[in-house]
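Read the structure below first, then the notes.
All heavy atoms count here, side chains included; hydrogens, waters and symmetry mates do not. Proteins come first, then strands; the chains are lettered A, B, ... in the order of their sequence lines, and each starts at number 1. Remember, predicted model here, so these are calculated numbers, not experimental data.
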Amino acid sequence: MSIYDSLNEQQREAVYHTEGPLLILAGAGSGKTRVLTHRIAYLIEELGVNPWNILAITFTNKAAGEMRERVDNLVGFGSESIWVSTFHSMCVRILRRYIDRLGYDNNFTIYDTDDQKTLMKDVCKYLQVDTKVYKERSLLAAISSAKNELISVEEYALQAEGDFGRKKIAQVYAEFEKQLKANNALDFDDLLVKTVQLLQTQPDVLEYYQNRFRYIMVDEYQDTNTVQFQLVSLLAGKYKNLCVVGDDDQSIYKFRGANIRNILNFEREFEDARVIKLEQNYRSTSTILNAANAVIRNNKGRKDKTLWTDNGEGEHIQFRQFDNAYDEAEYIVSDIKEQVESGRRNYKDCAVLYRTNAQSRMFEEKFVVSNVPYKIVGGVNFYARREIKDLLSYLKTIDNGKDDLAVRRIINVPKRGIGLTTINRVQDYAAEREIGFYEALLAVDLIPSVRRSAGKLESFAALIEHFKAESVHMSISELMDLIIEETGYVEELQADTQEEAENRIENIEELKNKIVSFEESCEEAGEQPTLSGFLEEVALVADIDSLDENTDYVVLMTLHSAKGLEFPHVYLAGLEDGLFPSYMSITADDPDEVEEERRLCYVGITRAREDLTLTCARRRMVRGETQYNKMSRFLKEIPMEYLSTGTVFEKEPEESGKKLAYQQARQAFKAKAFAVNTPPKQFAVKDGAGPGYDVGDRVRHVKFGEGLVTQITEGGRDYEVTVQFDAAGVKKMFAMFAKLVKVD
DNA sequence: CTTTCTATGCTTTTT
DNA sequence: GCATAGAAAG
């Protein structure tokens, strides 16, 4: 029996079709990751392809790590030389090697959204753009979408001819690019754009990567934008062994430039493309799946397909309407608590999903008072916090003195008595001579206008030079300690009595931990940990990457973050018109906006394996004022037969009124009070068909040695086994190919 | 040059 | 309702 026997017919077809372009239309929960990992295994084991020649692109670092691990479990060895990464980190890797060909230094800095905004402010000031009329945000948005569509500064200017507003944007775009380059910095979009530019202009580089990546796979293809498409086309241009996996129904990143045409027109772009549909869902109960299908059916522009499953009907979908968001959160938290206390679920089996990050706050409060462990994904990025950015700016300055933004950020942090006027004078001097800010600082005695603060500036420059000299023979963590020590950064915080300062110090400790673990993981991989390497990793992590399946906590996140994940019990909160679908999408002229929200709803529903709870509130505080919302139109698209409601479900939406709200509150309250508890459901693994060992048994694995089986879950046609290995730690693997042997 | 007060805008979603 | 940015005062 081979490992491929566990796949269904379509999955197997996708695995065996290795030559030429292939589009896999994979519905939610149809086992696309399994297909991809098996396909890689097949290439290596059966076709003898060198792992080095395989490139797999995923959406997040977490997905990349999981894919590598799963391939590792299948193949056993060689998987470390497969390139599994996100678009962005792949581009950084290529650019670190070759970007000097485009006139940048190879140790360029990556600018995050905050840095972009700061730079944009400078640009607007310099060009005397009225930021009341042209907001930084919208300028950046315009530039970002131009970059995503591969429109250069010159092209943009040409297209803007005759339009005053667009000409202004073109001007800003040009200056913004100029300053980025002067700072030797790239923003997120540039990472992709510059890589495409590099491949287009350097035939030898293109050929090198084309030969290297003979087999390319792209996950979440529905969310690729024009640059990403171009990049993939270039790389696959020679061998055309391109396999893309996607689901047009799960395309939820249009706002980021995702081009749904990339999937709808794949067959046109790549001649002789094979198209395979995966329509069997292995994840959810038929009730959940039917509800999801009923919702998504309302969208017009989609490839026709209907997911089916031979999983059982399962439980009804729970629906509850509450008077306000407070009650909603309380219900969800107490429901989770009840489930866990009854032994039916672990905390980590439950996820709370919502449309906007702002909704997390209420849940957080409730989780804290109820003493339920939780983790919020998203919101303010750890690396975007002030203290972290400050310290990283020191590292950036030491690493790449050309990054003016970083230098200016820290020149007076902690306070050194260097004020804005001084900084501006240095800036003007530097701009005049077209040199960097830091460069100007090194020769401060040549700047006549700042003679009075020259001493302070000089000692700052000397401090940085000192760090630079020390950094040569120091590890990153030692350097960080030195910076904290000599600048007195933490000392200053300690003097602050406010509670906030304590948090800041904790965050700094956390940063130090992250540096140490970066150094450790580099050494494990046999690489020298570099400062640039650390800064780059930090710039490209998403919060979702820190999600850990082994810790028992409830996960809270936005629907966007939840893509690609699954949970036994999903709570979908805030199902109200105006919140989800968002107010913006309802009022937009383009009906496709609501369709995108509907896809988001589809993604949310299909995250659930066994239980789904939908909730909404009549009244909600938004931006300091109370809003009265109708329940979401998406709710009404779910047939009643799948729902179990605690309240009277109103078919006809009525005008909001205080009296009605009050009545509904009463109903909601009654529903809560008299809600019947459904008996715990057994999710049984069929008797006699087990993998030959049980939880608690000791087993042996070819590569990982002996270990203890801690969990067995039924997934699709196979069993997913979790083993605590004596030497290799905890691993999850499929029984079919892990070939575990019971040890007596 | 630093601190404190006031006004403004924001909430869609993220690598 | 909060965070941030800019103005005013010290």
Side-chain angles (χ1 to χ4, degrees), chain A residues 57-64 85-92 110-114 116-118 121 125 131-132 135-138 141 144 147-148 186-192 220 223-225 227-228 251-258 353-362 377-381 383-386 411-424 452-453 456 500 536-545 557-563 574 578-588 593-594 596-597 599-601 603-604 620-627:
Chain A
I57 301 172
T58 58
F59 221 65
T60 62
N61 294 302
K62 180 172 183 279
S85 73
T86 64
F87 269 107
H88 293 265
S89 47
M90 172 181 80
C91 288
V92 173
I110 301 166
Y111 275 4
D112 66 15
T113 335
D114 266 14
Q116 278 179 311
K117 215 173 152 194
T118 314
K121 261 185 206 153
K125 213 184 216 169
T131 50
K132 290 257 156 58
K135 296 206 176 67
E136 287 100 339
R137 274 176 65 97
S138 44
S144 174
K147 285 182 179 177
N148 283 328
L186 272 68
D187 64 19
F188 286 133
D189 302 318
D190 282 338
L191 294 175
L192 300 159
E220 307 284 8
D223 288 321
T224 54
N225 58 34
V227 215
Q228 291 168 335
S251 164
I252 53 174
Y253 281 103
K254 194 175 153 224
F255 73 94
R256 208 166 72 186
L353 309 182
Y354 36 75
R355 178 65 238 271
T356 66
N357 277 309
Q359 286 165 261
S360 67
R361 204 180 209 138
M362 189 126 296
V377 175
V380 188
N381 191 330
Y383 294 102
R385 284 163 217 256
R386 192 175 44 192
I411 193 164
N412 198 30
V413 177
K415 300 213 161 47
R416 300 190 175 89
I418 301 170
L420 233 142
T421 30
T422 311
I423 293 171
N424 283 338
R452 221 188 308 165
S453 352
K456 294 169 186 164
E500 209 187 335
E536 161 187 322
E537 177 158 303
V538 155
L540 296 177
V541 291
D543 208 18
I544 193 86
D545 297 335
M557 65 186 133
T558 63
L559 288 152
H560 281 89
S561 303
K563 191 179 71 161
L579 184 66
F580 186 33
S582 75
Y583 181 75
M584 300 283 267
S585 67
I586 295 172
T587 50
E593 300 258 320
V594 176
E596 172 131 335
E597 299 272 319
R599 289 193 289 272
L600 199 50
C601 183
V603 168
R620 187 181 291 274
M621 285 282 263
V622 181
R623 270 181 275 157
E625 58 185 40
T626 307
Q627 266 184 14

Looking at residues at least two apart in the chain, or sitting in another chain, which of them share a side chain to side chain contact (heavy atoms under 4.5 Å, CB included) with [X]?
X: T421(A); result: none
X: S582(A); result: R355(A), M584(A), S585(A), E597(A)
X: N412(A); result: K415(A), R416(A), I418(A)
X: A539(A); result: I110(A)

Find every protein N or O atom lying less than 3.5 Å from an N or O atom of nucleotides 1-3 of chain B, and list the pairs.
residue	atom	partner	partner atom	Å
dC1(B)	OP1	G419(A)	N	2.9
dC1(B)	OP1	T422(A)	OG1	2.6
dC1(B)	OP2	T421(A)	OG1	2.3
dT2(B)	OP1	G417(A)	N	3.3
dT2(B)	OP2	N412(A)	ND2	3.3

Applying side-chain hydrogen bond (donor to acceptor under 3.5 Å, both in side chains), name anything that partners [X], two or more places apart in sequence or on another chain.
X: D543(A); value: none
X: S144(A); value: D189(A)
X: N357(A); value: none
X: R256(A); value: none

Do we see a donor-acceptor contact under 3.5 Å between the side chains of Q116(A) and T113(A)? no
Using a heavy-atom cut-off of under 4.0 Å over every strand shown, decide if K254(A) touches base, sugar-phosphate, or nothing. nothing
Note every stem involving DNA chain B: at least three consecutive Watson-Crick or G-U wobble pairs, i with j then i+1 with j-1, with both distances under 3.5 Å. B:1-10 with C:1-10
B/S/- contact track for nucleotides 5-15 of chain B, protein heavy atom under 4.0 Å: -----BSBBBB
Y383(A), OH atom: more than 12 neighbouring heavy atoms under 6.0 Å: yes
Going 5' to 3' on DNA chain C, which nucleotide is the first and which the last to come under 4.0 Å of a heavy atom in chain A? dG1(C) to dA5(C)
Would a distance-only check, ignoring hydrogens and angles, find a side-chain to backbone donor-acceptor pair under 3.5 Å from E596(A) to K254(A)? yes
As an exercise, state the distance from OG1 of T224(A) to CD1 of I57(A), rounded to the nearest 0.5 Å. 9.5 Å
Whole-Å C1' distance, dT13(B) and dT4(C): 22 Å
From the options L191(A), T58(A), L540(A), select the one residue that forms a side chain to side chain contact (heavy atoms under 4.5 Å, CB included) with S89(A). L540(A)
